[in-house]
Amino acid sequence: MSERRYEAREIEAKWQAVWAAEGTWEVSNRPGQEGAGQRSHSPDGARHDKSYVLEMLPYPSGEPHIGHMKNYAIGDAIAHFRRRTGHRVLHPMGYDSFGLPAENNAIKTGVHPRAATEQSIAAFQKAFRSWGVSIDWSREIASHEPEYYRWTQWIFLQLYRRGLAYRKESAVNWCPNDQTVLANEQVVDGRCERCGHEVELRQLEQWFFRITDYADRLLDDLDRIDWPEHVKTMQRNWIGRSVGAEVNFTCAELGIDYPVFTTRPDTLFGATFFVMAPEHPDIFKLAAGTANEQAVHAYVNHALAESAEDRGDIEKTKTGVFLGRTITNPVTGEEIPMYVADYVLMEYGTGAIMAVPAHDERDFAFAMAYGLQIRQVVAPRDGSEIPAGEAYVTKADDAILVNSGEFNGLTPKTGFDRIVHWLDMEGIGHPSVNFRLRDWLVSRQRYWGCPIPIVYCDEHGMVPVPEDQLPVELPDVQDYQPKGRSPLATAEDWVNTTCPECGGPARRETDTMDTFVDSSWYFLRYCDAHNDDAAWDPAVLREWMGVDQYIGGVEHAILHLLYARFFVKALADMDLLDVQEPFNALFTQGMILGPDGQKMSKSRGNVIPPTPLIEKFGADSVRTYILNMGPPDQDAAWNDNALAGAHRLLSRLWTLGEEMGSDVSGGVTGPLATQEDATGPLAGGDEAVTQPADPTGDALTLVRKANWAIDRVTSEFVGRFGFHNAIAAVTELVNDLYRFPEAEAGARRFAVATAASLIFPFAPHVGAEAFEMVTGRRAWEEPWPAADPAMLVADSFELVCQVNGKVRDRVQAPSGASREQLQELALAAPGIVAHLEGHEVVKLIVVPDKLVNIVVR
RNA sequence: GCCGCGGUGGUGGAACGGUAGACACGGCGGACUCAAAAUCCGCUGCCGGAAACGGUGUGAGGGUUCGAAUCCCUCCCGCGGUACCA
């Protein structure tokens, strides 16, 4: 045993210096001009495939936390694997550097958000380098820099030109604490996603992106991407496509038509009343002059004052007020009463519904509360009674329509089609599809964001800033405190400008963009990060897009991932890029919980800061531990002891490498078969290690184990990224090396080199170090090892002998033995013989190379 | 309520319908050491047994199968998403 010990800090500093000096992970937009880490490993010397591996870009605040480390540990492992399997890998880094926390910090401390953000970016850069993440630093971007947001503004203008960015007044979510509007997606349970404050509705004019134009495509294309099913489901639910019909109801007294959307046109004959949302603009007109006018005013005022949370409470009893009017059911011709009730939402459909109490739970509850008529129009086919006291909600084939005139006897599905067709013929309705998805509200009344490149001229109204005048730079202000309008409004010199059309006086738009706009296209900019003439060269995008593997937290399942998809589709429609989807494959990592199993938070005091751990154990150990915690898509609680276990593994591997390195005697049998050149600075005294030709005994065991490990690790990279299983395989290999210290040296060298090579994607520094000690070569310049199929099968195996499905013995049997041979072996096994006594053999099941099951009576 | 995902030792977790518990942590024992740490080796689901071995065991209950953690049905529990969306 050597006197020297595994000193992670030294080793990590050494390799980080090499990678920084050589620009190892840089990749050119022109193949063939890559860093050394991108050297070709395919037999003909050309890299055929690109691979774009991307972790969600971080929001730079303070220092990176342990969750960032998990994110980049996963992504980096994949990037390394893909490089070594012949891909040109794009693995860039950047910062989502606009946003509220920096601004709120500025309000508190007076420190300019730019200063705080740039300080934080420096901390992130330092951390990523100390973690040894294989980043192409030449493509680094930050969304708060004018070189970046110039193009965010440019994209805004492209959307504006095509009518996809527009201003409108509507009821929007307002956070009284953050003093800004929020997108629908940023309201969680009626509260601001960021600060948790209850959200109010305000009638305001705001900027929107017309994401609803893309609802169908955003939904349909989910089928074409390799994403976790639960994320796709969340997006489907968010988009919320409902197929139904629009049906026209006419209020004869006032001569006004009120269309409604329904998913159940088959129940139209059961519509016995009509309900409108309190926000519906015609409410007061309808109630005017009726006996109920006062009551309606009182109800509407009360409803509008209610918080979103209270109003949304499904347990709340239904309330409403008769409008004093009736409306005609277009199929029955009946006059049915009109109500205003807060269970109808203005935002969805037309803000008015036909109520079918017999077959809708909400309408049923309302009808019961107000004693309204309930008419059953769907009945069980077999004539059985429907349950009393609840609505009968079914579209199934075992039900038929009743009380529905000429449509009686049809199933609900057929009735749906026939009634919609009939409505269409009569001109009182038509098929219709409704979405839950709303347009994306993108303006914010805050400072630290991308300015919206629009000016307002008395003469010409809203005028886009000409593209050659971009960027509209964010000015400095004295006071960041939000006062219901953007702090930018106080920068008078900046606000007052001239109209691009007429040169007359004009004022700049003072709202900034939602930071989700910045992060909806950053993955495009990475491809052509320093292009000063355009956001990107479409030819370069053709080379790199889409992202082959995207890695991030599930918390972005709806917001970021939906917005980015929308951007890509809109830009593709402008012929600015060629793909329809930004992220072909998505991996959602689980959270690292505190040692107490709770979500880490300062208030709980269970936060694990990465830096002290890295100083003590090294980045490799922390990365390896994080990936060894369990399936990486699952949440897992931190455990310091298990981290020490990961360190032990790397230390044992390093020790083996050290031993091999100092033992220059035997085992060197020539260059690796697939290796074509080795022109690094270390190439001189090259000692490639290859699999020994005909190992026997312990050497054979080691060689087999090494090949088995190659196969295991490789399959996790190709499959589900179960890196805990990959690391376990390397652990077994290392354990076997300790178990068989006397094995022939060539086999040991091969096994150690293999372990180092396989651990490299997870623990790149010690992987590189151990690999170099054994082989004199650089692990990242080596092709990924291929398992020797001959070494994956043994010449004998342990035959499992069962009686009635219970294991009674195990005997050695030759691989590939015939059924008859195996039967014979099993029947002769001592444990079997004992259990056969006094029983009659009924059946013999033989699974070749595995087991024999003897069924007895 | 609806949708999705889960439930396996003391813990994290392994296991194409074919040896349940790989690997790691923890625990116990041993080697080394004056001693401790570090390191190395062994044992470790539960019950019985000195051991051989036997029984039992993957949330509960049924079913399919020669054989079920795995497939099917019913139920219980946990997590995540979503919810007057007509």
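Remember, predicted model here, so these are calculated numbers, not experimental data. Letters A, B, ... are given to chains in the order of the sequence lines, protein chains preceding strands, and every chain is numbered from 1.
An OP1 or OP2 oxygen of rA83(B) is reached within less than 4.0 angstrom by a side-chain nitrogen or oxygen of Arg436(A). Taking side-chain N and O atoms only, Asn641(A) has no distance below 4.0 Å to OP1 or OP2 of rG12(B). Dashed line: the shortest gap from a side-chain N or O of His724(A) to OP1 or OP2 of rA14(B) is under 4.0 Å. The side chain of Arg720(A) contributes no N or O atom lying less than 4.0 Å from OP1 or OP2 of rC16(B). Remark: Ser651(A) is not in phosphate contact with rU39(B), judged by side-chain N or O atoms under 4.0 Å from OP1 or OP2.
At least one test fails for Arg436(A) against the ring of Tyr348(A): distance under 6.0 Å to the centre or angle within 45° of the axis. Geometrically, Lys318(A) does not engage Phe366(A) in a cation-pi contact defined by less than 6.0 Å to the ring centre and at most 45° from the axis.
In terms of heavy atoms, Leu792(A) sits closest to Ala787(A) at CD1-CB, 4.0 Å.
Considering only residues two or more places apart in sequence or on other chains, Trp638(A) meets the ring-ring contact (aromatic ring centres under 6.0 Å, His included) condition with Tyr625(A).
For Asn853(A) and rC66(B), a side-chain-to-base donor-acceptor distance below 3.5 Å is present, hydrogens and geometry of angles not being considered.
In RNA chain B, stems built from 3 or more consecutive Watson-Crick or G-U wobble pairs, each with both distances under 3.5 Å, span B:1-7 with B:76-82, B:10-12 with B:23-25, B:26-31 with B:39-44, B:45-48 with B:53-56, B:59-63 with B:71-75.
Phe364(A) and His359(A) have their aromatic ring centers separated by at least 6.0 angstrom.
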